[in-house]
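The structure under discussion appears below in the form of structure tokens.
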Protein chains: 2
Amino acid sequence: MPRRSSTSPVSSRDAILTVAVELFAERGYHATSMREVAQRVGVVPAALYNHFDGKDAIFVELGTRYFDAMYPALEAARHAEGDAADRLAAMVAASVNTAAGLRAEHMMLTDEWRTIRRSEALSVLAARRRACIDLWHEVLAEGAVDGSLRTDVDDSSIIWLLFAAITSLVDSGYWSDIAVKPSPPLDDVCSVILDGVRRS
Amino acid sequence: MPRRSSTSPVSSRDAILTVAVELFAERGYHATSMREVAQRVGVVPAALYNHFDGKDAIFVELGTRYFDAMYPALEAARHAEGDAADRLAAMVAASVNTAAGLRAEHMMLTDEWRTIRRSEALSVLAARRRACIDLWHEVLAEGAVDGSLRTDVDDSSIIWLLFAAITSLVDSGYWSDIAVKPSPPLDDVCSVILDGVRRS
DNA sequence: GTCTATAGGTAGATAGAC
DNA sequence: GTCTATCTACCTATAGAC
């Protein structure tokens, strides 16, 4: 049998990332302390610095993991079959599937976006996000050309609403004070964006 | 001429609130320090405690100010003329108008919602928000009865999207990395929710 | 009501033994 | 790679003079 990495079946490094992403998503960046991360991992705070340069580095690694999965998924969906409206729907589905597998990373990035933009150390994540946003803009522009999407509404407004829809699907439990049912089906929310709430 | 309150044309108390709400909205609750608030007001940190019991109390007062304006505006729009779809549109318009006049308070409450829910001291604001959400649920239920709104999508998902739309209109500049145009018209975003993005 | 001074706590991060 | 011990900095909040 091949030997495991060094000491433990799951490395301390992975344990730190697992604990940290949950705390970042639940409490936010500033309200999460290295002390608490260490405590939940079961080590002393100083031990964290054997694996990461600091709190910033942990956050950046988690965010990088997210975009490393999200960008290729969006890129693939962007070339799906059908008109631009179909490809838009495929991108929403791809986003939800990818983000659902990285739920805590998604919530962390969504809720701490101001922190990312204000921090020099975290700004690398802003560029990764920008690349994803550009893919959404592209498909919306194609929808204006092939006539499958409305042209009278600003692309940015539509993208904002799409992000909100994706987040609501990824973490429906988070807003449990609004929600009465768990996790509405993807197609329902997607159809709201495509067709609206007014009965036609 | 009638005399002003006591010493200054604008009270220190008001100055504290004005400075604090901008910092809370821009940086978040935990990243905003009493020291920085005091510095921008032009007093020493200790002086803040002559007007407020603490950081929590400042935040609660700002949130209370917001809901004191928002709830009556929603309640009035909820009884507008027309069918439920019309009243829903009136509520969106009322929300945007009210929140636009309290932009920083709106962003503060939106972005720091996790903090509010986790804090005992801030939980009074959760109840105020709950009351507003109930008004949205009511009009959506009416739309199911009078047939003016879709019934195949969960109310909570629609409310989430409405909140996202309102926030995007209130603070379009915040997401300037997405936005290419400033502040899209209210009717455009409202029509996306009502009629979707697919060309019919 | 604002000031000076400071208490009391916690944050991120480091040094060096093992 | 983890530990003990600690540094430096910053936080909210208070005490008491003016």
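Basis for what follows: all heavy atoms, side chains included, without hydrogens, waters or symmetry-related copies. To find a chain, count down the sequence lines: A is the first, B the second, and so on, and within it residues start at 1.
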In residues 118-126 of chain B, what donor-acceptor pairs under 3.5 Å come from side-chain atoms, sequence neighbours left out?
| from | atom 1 | to | atom 2 | distance (Å) |
| --- | --- | --- | --- | --- |
| B:Ser119 | OG | B:Ala121 | N | 3.2 |
| B:Ser119 | OG | B:Leu122 | N | 3.3 |
| B:Ser123 | OG | B:Glu120 | O | 2.8 |

Please tabulate, one pair per line, all N/O donor-acceptor pairs under 3.5 Å involving side-chain atoms of residues 15-22 of chain B, not counting sequence neighbours.
| from | atom 1 | to | atom 2 | distance (Å) |
| --- | --- | --- | --- | --- |
| B:Thr18 | OG1 | B:Asp14 | O | 2.9 |
| B:Glu22 | OE1 | B:Arg103 | NH2 | 3.3 |
| B:Glu22 | OE2 | B:Arg103 | NH2 | 3.4 |

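Remark: A:Tyr66 pairs with A:His106 by the ring-ring contact (aromatic ring centres under 6.0 Å, His included) rule, at least two apart or across chains. Annotation: ring-ring contact (aromatic ring centres under 6.0 Å, His included) contacts of B:Tyr29 (sequence neighbours excluded): B:Phe24, B:Phe59. Not counting sequence neighbours, the partners of A:Arg87 by the salt bridge (charged side-chain N to carboxylate O under 4.0 Å, His left out) test are A:Glu142. Considering only residues two or more places apart in sequence or on other chains, A:Glu112 meets the side-chain hydrogen bond (donor to acceptor under 3.5 Å, both in side chains) condition with A:Thr115, B:Arg114.
Whole-Å rounding puts the B:Gln39 CD to D:dT12 P distance at 13 Å. Atom CG in B:Leu122 sits about 13 Å away from atom P in D:dT12, given to the nearest Å. Put simply, CG on A:Leu48 is 16 Å from P on C:dA15, counting in whole angstrom units. For the pair B:Phe24 CZ and D:dT12 C1', the computed distance is 12 Å after rounding to whole Å. In this structure, OH of B:Tyr29 is placed 10 Å from C1' of D:dT12, rounded to the nearest angstrom. One atom, OH of B:Tyr49, and another, C1' of C:dC3, lie 16 Å apart when rounded to the nearest Å. Atom CZ in B:Phe52 sits roughly 13 Å away from atom P in D:dA13 (whole-Å rounding).
Heavy atoms of B:Val43 sit under 4.0 angstrom from primed sugar atoms or phosphate atoms, though from no base atom.
Contacts between residues 56-64 of chain B and DNA chain D, counted as heavy-atom distances below 4.0 Å, involve no residue at all.
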Please list, pair by pair, any protein nitrogen or oxygen found under 3.5 Å from a nitrogen or oxygen in nucleotides 6-11 of chain C.
| from | atom 1 | to | atom 2 | distance (Å) |
| --- | --- | --- | --- | --- |
| C:dA11 | N7 | A:Arg35 | NH1 | 3.4 |

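When all heavy atoms of A:Ser95 and A:Leu74 are compared, the pair lying nearest together is OG-CD2, 3.2 Å.
The side chain of B:Ala46 sits closest to D:dA15 out of D:dA13, C:dA15, D:dA15.
The salt bridge (Lys or Arg N to Asp or Glu O under 4.0 Å) analysis of residues 54-74 of chain B, with sequence neighbours excluded, yields the pairs B:Arg13-B:Glu61, B:Arg65-B:Glu105, B:Asp68-B:Arg128.
Other residues, nucleotides and ligands contribute over 12 non-hydrogen atoms within 6.0 Å of the CG atom of B:Asp146.
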